[in-house]
Amino acid sequence: MKVLGLETSCDETAACILESPRRILSNVISSQIALHHEYGGVVPELASRRHVEMMGPVIEESLTRAGCDLTSVDLISVTVGPGLLGSLLMGVTFAKTLSYAIEKPLIGVNHLEAHFYAPFLEDPELKFPLVSLIVSGGHTLLVWVKGLGQYEILGCTFDDAAGEAYDKVAKLLGLGYPGGPVIDQLAQKGNPKVFRLPKPYLSKNSLDFSFSGLKTAVLYLVKGYGSRNTGSTPFKKGRIEDLAASFQEVVVEVLTKKCMIALEKTGVENLAMGGGVAANSRLRERLTELAQKKGFHLSLPSKTLCTDNAAMIAALGLARFEAGLPGEPLEANPKLKIRHMHLIPLR
Ligand code: KG4
Ligand code: ZN
């Protein structure tokens, strides 16, 4: 069975051909980073227009690379939410039209749920149940993934998402958009112990996140306030690598600590990651060290499968289709929630 996956929830136009059970025949991603760079963030109107232009060529490229044509597609799987309304509308409308034209079934999937499935595409040893850390520009979630369609949210962010904190800190340091990869690079040349920044753990054993105070602390340092109160070294322009490293160390420490608490609370032995921040080199390094030390199974997808892609959309669509589970309603839904999710009371 061949599945055409389509993803347009934000600023990536992506198409993939997946052959069951999980062989990626092609995985094409057209990024809009250059388009949005000068605005310091994604401009929704520009994003949806670019999706319209790119969808046809991206699908054609995915078919060519997979060595097949539309007649060999058995199922279409498309992201219906959450994301930007205009961007989602473009993908859903295109998928509906294509499904009608080639007379093949169409399944709608949740973008976040698809991030839980991306690690399975490369890691044959990964099994349910697992704890999934989803860290992107729009989301920071710790989820107990018990099986297909069985999820419990363990924690989420109260304010900024982890990637959003990277992007905002990069913006205030004049480093452009997206900020994560730039800060990641700079931090490799810096000393993480130079600047003292608050570590937002929230209450003891809390699995929720809050990154806006950390971002404000960086802002104050850069503006020259407060270093006397916190005892931190005052910021000077020449120390941007040290500031990047100090900021990143706090983010990584908070994320990894909460992952360890989640594994302990649930008794689960598998940890997987998804979302753009999962591509962060220090986060990957630290989790790898902890997995070796504590003996849990760590599944780190390649960077292409961490960031937004259509392979994970095809994989989830196929899994739901084969299991006889319903897809999402075939309407763009920017605020789509994950079904069968429950909030675990914090202890
Ligand atoms: O999952 P993604 O591609 O798109 C969504 O937000 O849905 O994630 C993009 C986010 C951006 O905030 C970007 O700054 C961050 O992921 N990011 C990183 C790295 N690469 C991308 N953050 C930290 N380190 C990285 N290497
Ligand atoms: Zn995403």
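We count ligands from 1, going down the list as the structure has it; atoms in each ligand are counted the same way. Counting from 1, the numbers follow the sequence of the chain as shown.
For Phe116 and Tyr151, the ring centers are positioned less than 6.0 Å apart.
Thr140 contributes no side-chain N or O that, together with a main-chain N or O of Thr157, makes up a donor-acceptor pair within less than 3.5 Å. Looking only at distances, no side-chain donor or acceptor of Glu152 sits under 3.5 Å from a matching main-chain atom of Val143.
Comment: Glu53 does not engage Arg49 in a salt bridge, judged by the lack of any side-chain N to carboxylate O separation of less than 4.0 angstrom.
Atoms of ligand 1 found under 4.0 Å from any heavy atom of Gly138 (numbered from 1 in listed order, with element): 6 (O). Taking every non-hydrogen atom of Ala279 and a distance limit under 4.0 Å, the qualifying atoms of ligand 1 come out as 26 (N). Atoms of ligand 1 lying under 4.0 Å from any heavy atom of Thr307, numbered from 1 in the order shown and given with element: 3 (O). Residue contact check: Gly275 has heavy atoms under 4.0 Å from atoms 1 (O) of ligand 1.
By the criterion of a heavy-atom distance under 4.0 Å, neither the backbone nor the side chain of Cys10 is placed next to ligand 1.
Of the listed residues (Asp167, Ile29, Asn280, Ile33), the one carrying the non-hydrogen atom nearest atom 24 (N) of ligand 1 is Asn280. Of the listed residues (Asp308, Asp11, Val277, Leu84), the one carrying the non-hydrogen atom nearest atom 15 (C) of ligand 1 is Val277. Among Gly137, Gly163, Ala165, Gly179, the residue whose heavy atom sits closest to atom 5 (C) of ligand 1 is Gly137.
A cation-pi arrangement is not found for Lys146 relative to Phe128, the charged atom failing to lie both closer than 6.0 Å to the ring centre and inside a 45° cone about the ring normal. Cation-pi geometry between Lys257 and Tyr201 is satisfied (NZ or CZ under 6.0 Å from the ring centre, within 45° of the ring normal).
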*Go through His139 and Glu164 one step at a time and tell me if the side-chain contact (heavy atoms from CB on, under 4.5 Å) criterion holds.*
CA-CA 9 Å; His139 302 274; Glu164 195 179 352; over 6 Å; no
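Side chains of Asp184 and Tyr166: no donor on one and acceptor on the other come within 3.5 Å. Side-chain polar atoms of Ser9 and Glu7 form a donor-acceptor pair below 3.5 angstrom. In this structure, a donor-acceptor pair under 3.5 Å is present between the side chains of Ser302 and Glu122.
Going from atom CZ of Phe296 over to atom CD of Glu264 covers 11.5 Å, rounded to the nearest 0.5 Å.
Taking atom 21 (C) of ligand 1 as the reference point, the nearest protein heavy-atom neighbour is Gly276 O, 3.4 Å. Scanning the protein for heavy atoms near atom 18 (C) of ligand 1, the closest one is Gly180 CA, 3.4 Å.
Protein atoms that are N, O or S and lie under 2.8 Å from the Zn ion (ligand 2) are these: His111 NE2, His115 NE2, Asp308 OD1.
Polar contact check, Asp184 against ligand 1: a nitrogen or oxygen pair lies under 3.5 Å apart.
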